[in-house]
Amino acid sequence: MSQSLDHVVAIIPAAGVGQRMGANIPKQYLEIDGISILSHTVKAFLNHPKVDVVIVAVSKDDQYFDQLPESNHSKLVKVQGGSERANTVLESLKSASQLGYEDSWALVHDAARPCITRRDIDLLLKSRENYPNGAILAMPVRDTMKRADSSSLIKNTVCRELLWHAMTPQMFVVSELQKNLNEALNDNVLITDESSAMEWAGINPGLISGRADNIKVTHAEDLQLAALYLSEHKKNEIQGENS
Ligand SMILES: Nc1ccn([C@@H]2O[C@H](COP(=O)(O)OP(=O)(O)OP(=O)(O)O)[C@@H](O)[C@H]2O)c(=O)n1
Ligand SMILES: C[C@](O)(CO)[C@H](O)COP(=O)(O)O
């Protein structure tokens, strides 16, 4: 039975190796405050009342996920990821469709972004009223932006007025994203986020301004920053603030 647009599927791509982190395990399994990055991320969606199911995509030789306390949660479905992030997301979308969620909203969120807050998830979900074709969390660029030449010399300054940093979650209807992502990949289009597949299909998703602390843990120094942000969120929750 097909679920309606009232339903929400969280998709957590977690099949990367974390090469830029340079750790001896995939970065999503590094711990902050005794809890893995992936667990921090997954819990934000497992605990959200509007999320019906959380699909976590791990690599085919993953040896860590099943040890996580959340791995046997009733709302969680584990699937196998692919060679690139986009392939992982496509496999997850196929699973969502097979589970009957083809007509539901997908929230695709990087496992490597553990600082996501309830506030930002709600902000994106609320944007469905204004952006029926989907939207993404993003942050306006604050720095002056330079384009480099092949020798890493400044070629020119890029007008930053309309530039945003794309973040996640990125929110689209499962069947629409699955169709467009599949076709874009078949056309060998470089897809680094879900929105770029929708844009390739001629759709202009909405930009929802999100928190700057929704960082993607990519390099070693990001780990300390994520730990600081998570500690602050925990304090706010303790003080009852809606972080
Ligand atoms: N084949 C892949 C590659 C990446 N990801 C996920 O996509 C998210 C964002 O990707 P990135 O930060 O680049 O993670 P890695 O690919 O692991 O990092 P690196 O590029 O440094 O190897 C991560 O949660 C990662 O686990 C995935 O599910 N499947
Ligand atoms: C999806 C994303 O986080 C949006 O900024 C980003 O494109 C992921 O890139 P990565 O190279 O796969 O980390």
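For ligands, and for the atoms within them, numbers begin at 1 and follow the listed sequence.
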- Message: Can you tell me which portion of R20 lies within the under-4.0 Å heavy-atom range of ligand 2? Options are side chain, backbone, both, or neither.
- Response: side chain
- atom 1 (N) of ligand 1: which of P114, G82, G16 has the nearest heavy atom? G82
- Would you say ligand 2 has an N or O under 3.5 Å from any N or O of M167? no
- Among all protein heavy atoms, pick out the one at the shortest distance from atom 12 (O) of ligand 1; state its residue, atom name and that distance to 0.1 Å. K27 NZ, 2.8 Å
- Between R20 and ligand 1, which part of the residue brings a heavy atom under 4.0 Å of the ligand: side chain, backbone, both or neither? both
- Query: Only one of L93, V89, V173 forms a side chain to side chain contact (heavy atoms under 4.5 Å, CB included) with Q178, so which one is it?
  - Reply: L93
- Heavy-atom nearest neighbour in the protein, as seen from atom 4 (C) of ligand 2, with distance rounded to 0.1 Å: A166 O, 3.4 Å
- Query: Looking at L124, L125, D120, which hits side chain to side chain contact (heavy atoms under 4.5 Å, CB included) with I208?
  - Reply: L124
- Relative to ligand 1, is K216 under 4.0 angstrom through side chain, backbone, both or neither, heavy atoms considered? side chain
- Please state which part of R113 comes within less than 4.0 Å of ligand 2, counting heavy atoms only: side chain, backbone, both or neither. side chain
- With rounding to the nearest 0.5 Å, note down the distance linking CG in D110 to CD1 in I116. 10.0 Å
- Query: For M21 and ligand 1, does the shortest N/O to N/O distance drop below 3.5 Å?
  - Reply: no
- Task: Go through ligand 1 atom by atom and flag the ones less than 4.0 Å from a non-hydrogen atom of E84.
- Result: 1 (N), 2 (C)
- Query: How long is the gap from CD on E194 to OG1 on T168, to the nearest 0.5 Å?
  - Reply: 8.0 Å
- So, do M145 and V141 sit near enough that their side-chain heavy atoms are less than 4.5 Å apart? yes
- Message: Please check if the number of heavy atoms outside E183 that lie under 6.0 Å from its CD is greater than 12.
- Response: yes
- Item | Nearest-contact summary for atom 12 (O) of ligand 2 - protein heavy atom, Å | R85 CD, 3.6 Å
- Query: Hey, what do you get for NE2 (H233) to CZ (R119), rounding to the nearest 0.5 Å?
  - Reply: 10.0 Å
- Item | E199, CD: over 12 other non-hydrogen atoms inside 6.0 angstrom | yes
- Near S83 (heavy-atom distance under 4.0 Å), the atoms of ligand 1 are 1 (N)
- Assess whether atom CD of Q19 is packed by more than 12 heavy atoms of other residues, nucleotides or ligands within 6.0 Å. no
- Identify the closest protein heavy atom to atom 24 (O) of ligand 1: which residue and atom is it, and at what distance? P13 O, 2.9 Å
- Query: Does E84 reach ligand 2, in the sense of a heavy atom lying below 4.0 Å from it?
  - Reply: no
- Message: Counting non-hydrogen protein atoms only, what is the nearest one to atom 15 (P) of ligand 1? Give residue, atom name and distance.
- Response: G18 N, 3.8 Å
- Query: Does a salt bridge link D66 with K78, judged by any charged N lying under 4.0 Å from a carboxylate O?
  - Reply: yes
- With heavy atoms only and a cut-off of under 4.0 Å, state how H165 meets ligand 2: side chain, backbone, both or neither. neither
- Message: Just verifying a value: how many Å separate I32 CD1 and C115 SG, rounded to the nearest 0.5 Å?
- Response: 6.5 Å
- Which atoms of ligand 1 are found less than 4.0 Å from any heavy atom of A111? 24 (O)
- Message: Tell me whether A57 reaches ligand 1 (any heavy atom closer than 4.0 angstrom to a ligand atom).
- Response: no
- Query: Any idea which atoms of ligand 1 are less than 4.0 Å away from a heavy-atom of V17?
  - Reply: 17 (O), 22 (O)
- Query: So does E221 have more than 12 non-hydrogen atoms from other groups sitting under 6.0 Å from CD?
  - Reply: yes
- Query: At what distance is the nearest protein heavy atom to atom 22 (O) of ligand 1, and which residue and atom is it?
  - Reply: Q19 N, 2.7 Å
- Query: Counting only heavy atoms, which portion of A15 has something under 4.0 Å from ligand 1: side chain, backbone, both, or neither?
  - Reply: both
- Task: May I ask you to identify the nearest protein heavy atom to atom 10 (O) of ligand 1, giving residue, atom name and distance to one decimal place in Å?
- Result: R85 CD, 4.3 Å
- Query: What class does the angle between the rings of F45 and H109 fall in, given that below 30° is parallel, 30 to 60° is tilted and above 60° is perpendicular?
  - Reply: tilted
- Interatomic spacing from CG in L107 to CZ in F172 - rounded to 0.5 Å: 10.5 Å
- Message: Is it the case that atom NZ in K146 sees more than 12 heavy atoms from other parts of the structure closer than 6.0 Å?
- Response: yes
- Message: Does only the side chain of S59 get under 4.0 Å from ligand 1, or the backbone, or both, or neither? Count heavy atoms.
- Response: neither
- Item | E237 and K234 ion-paired at < 4.0 Å | no
- Residue and atom name of the nearest protein heavy atom (relative to atom 9 (C) of ligand 1), distance in Å to one decimal: D110 OD1, 3.6 Å
- Message: Give me the residue, atom name and distance of the protein heavy atom closest to atom 13 (O) of ligand 2.
- Response: K216 NZ, 2.6 Å
- Identify the protein heavy atom lying closest to atom 29 (N) of ligand 1, giving its residue, its atom name and the separation to 0.1 Å. T88 OG1, 2.8 Å
- Nearest candidate to atom 3 (O) of ligand 2, where distance is taken over non-hydrogen atoms, out of D110, T88, T192: D110
- Could you establish whether G81 and ligand 1 come within less than 4.0 Å of each other, counting only heavy atoms on the residue side? no
- Atoms in ligand 1 with a heavy atom of A112 nearer than 4.0 Å: 24 (O)
